[in-house]
Number of protein chains: 2
Amino acid sequence: MLSTYIRSLPTQNVKYINKHAILDLIRFKPGGISRVELAQRLSLTRAAVTPIVTDLIKTGLILESRSQSASSGRPPILLEINARGGFVAGIDMGATHLTILVANFAAQVQAEKEIPFDITKGPDECISQTDRLLREVLATLNLDLKSLSAIGVGVPGPTVAEAGMVLSPPIMPGWDRFPIRDTLAKLWGCPVSLNNDAELGVLGEWAYGAGRGEENLAYIKVGTGIGAGLFIDGQIYRGATGSAGEIGHMTIDENGPLCTCGNRGCLEAMAGGKAIAVKAREAIAQNRRTQLAEIRPPETITALEVAKAAARGDLVAQEILTEAGNQLGIAITSLVNLFNPNIVVVGGGIAQTGDLFLEPIRKAVLKRSLPAAAYAVRITTALLGKRSTCMGAITQAISTALHKNAE
Amino acid sequence: MLSTYIRSLPTQNVKYINKHAILDLIRFKPGGISRVELAQRLSLTRAAVTPIVTDLIKTGLILESRSQSASSGRPPILLEINARGGFVAGIDMGATHLTILVANFAAQVQAEKEIPFDITKGPDECISQTDRLLREVLATLNLDLKSLSAIGVGVPGPTVAEAGMVLSPPIMPGWDRFPIRDTLAKLWGCPVSLNNDAELGVLGEWAYGAGRGEENLAYIKVGTGIGAGLFIDGQIYRGATGSAGEIGHMTIDENGPLCTCGNRGCLEAMAGGKAIAVKAREAIAQNRRTQLAEIRPPETITALEVAKAAARGDLVAQEILTEAGNQLGIAITSLVNLFNPNIVVVGGGIAQTGDLFLEPIRKAVLKRSLPAAAYAVRITTALLGKRSTCMGAITQAISTALHKNAE
DNA sequence: CCTAATTTGTTAAAGTGCTTGACAAATTAA
DNA sequence: TTAATTTGTCAAGCACTTTAACAAATTAGG
């Protein structure tokens with residue numbers, strides 16, 4: 001039992017809670033769900049579900065759709081989110097790229113744009129660049145800002161979601177305590193939510209990706225930095241100060257290379273995007289035979305190009321990736337031992353190389369984790385690819401929009 | 001928002017839920033709590049609390065007690081658990097020690113006994129030994145098994161709480177899938193709950209120890225093995241298969257000493273009780289000047305004696321503990337970065353050395369963790385000392401007893 | 001010492017929103 | 001066509017809350 005549910009139920013809220021539970025169940029059930037199934041899943045009676053559903057239909061949030069009857073008996077009426085209810089935007093402000101997605105309330109992507117970006121240029125320039133791109137994307141759909149019901153934003157730093165800002169971010173100079181959410185909300189005139197990119201990554205993969213419906217999942221974002229997002233029991237887990245999942249500065253080798261954080265042998269300094277690029281340049285300097293040597297000047301080599309070369313069969317590139325995968329595997333082992341998740345989703349540009357990168361991770365976990373945890377965990381690449389964070393932002397935004405409209 | 005509370009509220013249950021929430025709030029508020037405060041904390045009205053409290057008093061689960069009025073106005077009537085409601089037992093089956101506590105429903109310890117123990121002797125012998133000790137403890141109180149309402153048991157291995165057994169435990173040969181809970185429940189004729197010792201450790205420290213009322217806490221048990229228990233949002237966090245918190249086999253040094261699990265440089269192999277004893281023997285073999293050399297034969301030196309010698313000022317012993325603390329610090333850093341807890345409670349025999357062991361841990365965390373997480377986390381020794389696990393078992397048992405009586 | 005102010009706890013009426021049980025609707029099977 | 005089956009709706013009843021008024025027990029102040 002160990003209840004400790006210091007949680008109560010004023011009757012005022014019970015319809016509210018049931019209504020939102022029904023709404024979420026409809027949202028995250030692909031292909032629609034009937035009233036009967038809603039009742040079963042929520043331990044309610046059909047009679048209790050009916051008026052709530054009627055209410056949601058009247059508000060225009062959900063729609064009825066016919067279904068092919070599977071068994072005998074009256075065929076169920078399927079319920080699904082009204083895609084035409086409105087639009088939301090999801091924005092991924094990465095370290096080196098800015099991605100914006102516009103989707104409808106059913107999370108169907110309507111338009112997408114990505115441009116190079118430099119988060120270190122600070123709030124002023126970055127925000128005006130983001131503003132321009134958002135307007136551009138909207139223009140392609142003949143929409144304007146007024147047609148957006150909510151916007152979700154992801155940034156590569158530890159966020160305080162309630163305050164809408166980042167706190168001492170290692171790779172976002174100039175952004176510390178800048179009121180990001182409020183500035184954007186004022187600029188765009190609609191509700192904005194701000195979250196860490198890895199946190200949104202888990203949310204996206206949980207809602208529409210590889211971790212659909214899992215109870216405990218971790219999302220590892222391998223980019224310039226390395227971060228993890230944790231999802232526990234239907235919620236993003238943020239920890240005491242919102243910095244949970246900071247896997248990037250886990251010590252892998254006490255005598256390893258110097259990290260930007262001042263310590264030695266951090267995961268990020270050994271297997272992050274920059275580290276991979278550095279290793280490629282070192283290989284070239286050692287005159288090793290690799291396609292990467294053709295890139296001129298060598299300073300422009302990025303981790304993504306190493307990944308592409310590896311996919312084409314370049315042995316040196318493959319070796320570099322395997323090594324990085326192995327080191328990431330050590331960190332993920334710790335995560336698996338501590339968190340014991342159902343699934344670990346690896347995302348970020350490099351992860352799209354697939355098994356080449358994943359196999360060393362799987363091997364490390366199988367070798368080092370407790371058997372019970374190691375056999376239970378599935379390790380896969382992000383189903384949403386580089387869109388994980390954006391889709392998480394969109395999930396957030398749709399949450400805001402739907403639950404506001406449901407009152 | 002990000003509700004995703006796929007949780008519903010049939011009205012049948014609402015009184016049930018409020019009743020149990022009130023009961024738990026009374027349990028875990030030291031010194032009693034008034035109806036008004038209950039109402040405030042649960043967002044209910046006083047009028048809703050009154051009949052529930054009346055009900056609990058009638059059942060004999062709680063009592064009213066006068067309070068000195070603090071401010072003007074009618075003084076509140078404080079409510080507390082009826083200590084005379086009954087008795088429970090908490091049993092800590094450790095690797096080398098067996099501890100049994102008997103307490104009343106207010107978690108006040110009535111009797112305690114500890115004997116040397118060897119979990120590797122398997123279920124048959126261990127259970128009959130435990131049975132004997134329990135009867136002994138009860139005899140000192142003039143009680144018998146019939147007077148116990150519930151019993152909580154902790155074991156040093158990964159448990160499946162619902163099944164009441166352990167799964168592939170590394171240090172419990174012969175116990176794999178043995179129906180521990182059901183065997184004991186039949187033997188003793190009362191409800192038994194089975195949990196991992198570190199999990200019960202967090203629960204104990206959260207309920208009555210150093211982590212009282214914290215939202216996120218981790219308890220690190222340093223004994224023969226090293227394990228962590230995680231407490232999140234009012235609940236023990238168990239993960240997908242119940243093996244969350246397995247910190248003992250985190251890799252600290254890829255080239256370190258061989259661990260019983262087959263890998264190299266696991267935390268347990270470097271900073272666990274056995275590793276500390278081995279280091280002490282090595283120091284003696286090197287003829288270093290230490291009080292530990294007086295122990296004959298050297299094979300009998302234990303980690304606890306190293307800790308005692310360190311407390312008396314023995315420099316070699318202090319050096320060994322500092323080194324272990326440093327290595328534990330590396331692992332705790334990973335935990336802090338991943339979990340971002342409010343507090344980390346270090347327990348187990350060695351931890352009682354206090355700051356000598358804790359300072360290197362604090363230093364490592366401050367140096368290596370993200371500033372936001374490092375400054376937020378408090379690192380302390382277990383307030384309940386070696387009783388943490390037993391008190392967790394008692395907390396469990398009282399939960400079972402109270403919530404069953406409340407229907 | 002007495003009254004006002006304040007806070008706690010109780011009670012009855014009203015209201016919310018569930019369940020129960022009966023029934024209508026829409027299909028397949030025979 | 002009828003029976004069986006399953007889905008969805010409706011009205012009555014009921015559980016449990018809130019609202020609002022009041023009783024109780026104290027302190028503060030004249």
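Computed from heavy atoms alone, side chains included, the values below leave out hydrogens, waters and symmetry copies. What you are looking at is a predicted structure, and each value in this text was computed from that prediction instead of being measured.
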Partners passing ring-ring contact (aromatic ring centres under 6.0 Å, His included) against A:Y237 (at least two apart in sequence or in another chain): B:F339

CZ/B:R212: more than 12 non-hydrogen atoms of other groups inside 6.0 Å: yes

Donor-acceptor contact below 3.5 Å, side chain B:W206 vs main chain B:F231: no

Nucleotide nearest B:V14 when distance is taken to its side chain, options C:dT28, C:dC18, D:dT17: D:dT17

Atom-pair distance (CG on B:L38; C1' on C:dT10), nearest Å: 16 Å

Whole angstrom value for the distance that separates P of D:dT17 from CZ of B:R35: 15 Å

Length of the CG-C1' vector between A:L79 and D:dG8, whole Å: 11 Å

Distance in Å, A:R238 CZ paired with A:E199 CD, rounded so as to fall on 0.5 Å steps: 4.5 Å

Euclidean distance, atom CD1 of residue A:I77 to atom C1' of C:dA25 [Å, nearest integer]: 9 Å

Selected nucleotide, minimal atom distance to B:L44 side chain, candidates C:dT27, C:dC18, D:dT18: D:dT18

Touch class at under 4.0 angstrom, heavy-atom based, for B:R46 against every strand present: base

Contact list for DNA chain D against residues 47-59 of chain A - heavy-atom distance below 4.0 Å: A:A47, A:T50

Nearest to side-chain heavy atoms of B:V36, which nucleotide of C:dG17, C:dT8, D:dG8: C:dT8

Phosphate OP1/OP2 of D:dA28: any B:S72 side-chain N/O under 4.0 Å: no

Donor on one side chain, acceptor on other, B:N195 and B:Q396, under 3.5 Å: yes

Shortest side-chain distance from B:T45, nucleotide among D:dT18, C:dT8, D:dG8: D:dT18

Whole angstrom value for the distance that separates C1' of D:dA15 from NZ of B:K19: 14 Å

Polar pair under 3.5 Å, donor/acceptor by atom type, side chain B:R74, base C:dT7: no

Between B:N340 and A:T241: side-chain donor-acceptor atoms closer than 3.5 Å: yes

Spacing between B:Q40 atom CD and C:dG9 atom C1', to the nearest angstrom: 13 Å

Euclidean distance, atom NZ of residue A:K15 to atom P of D:dT17 [Å, nearest integer]: 19 Å

Length of the CG-C1' vector between A:N18 and C:dG17, whole Å: 9 Å

Side chain to side chain contact (heavy atoms under 4.5 Å, CB included) partners of A:K19, counting only residues at least two apart: A:I52, A:D55, A:L56, A:A406

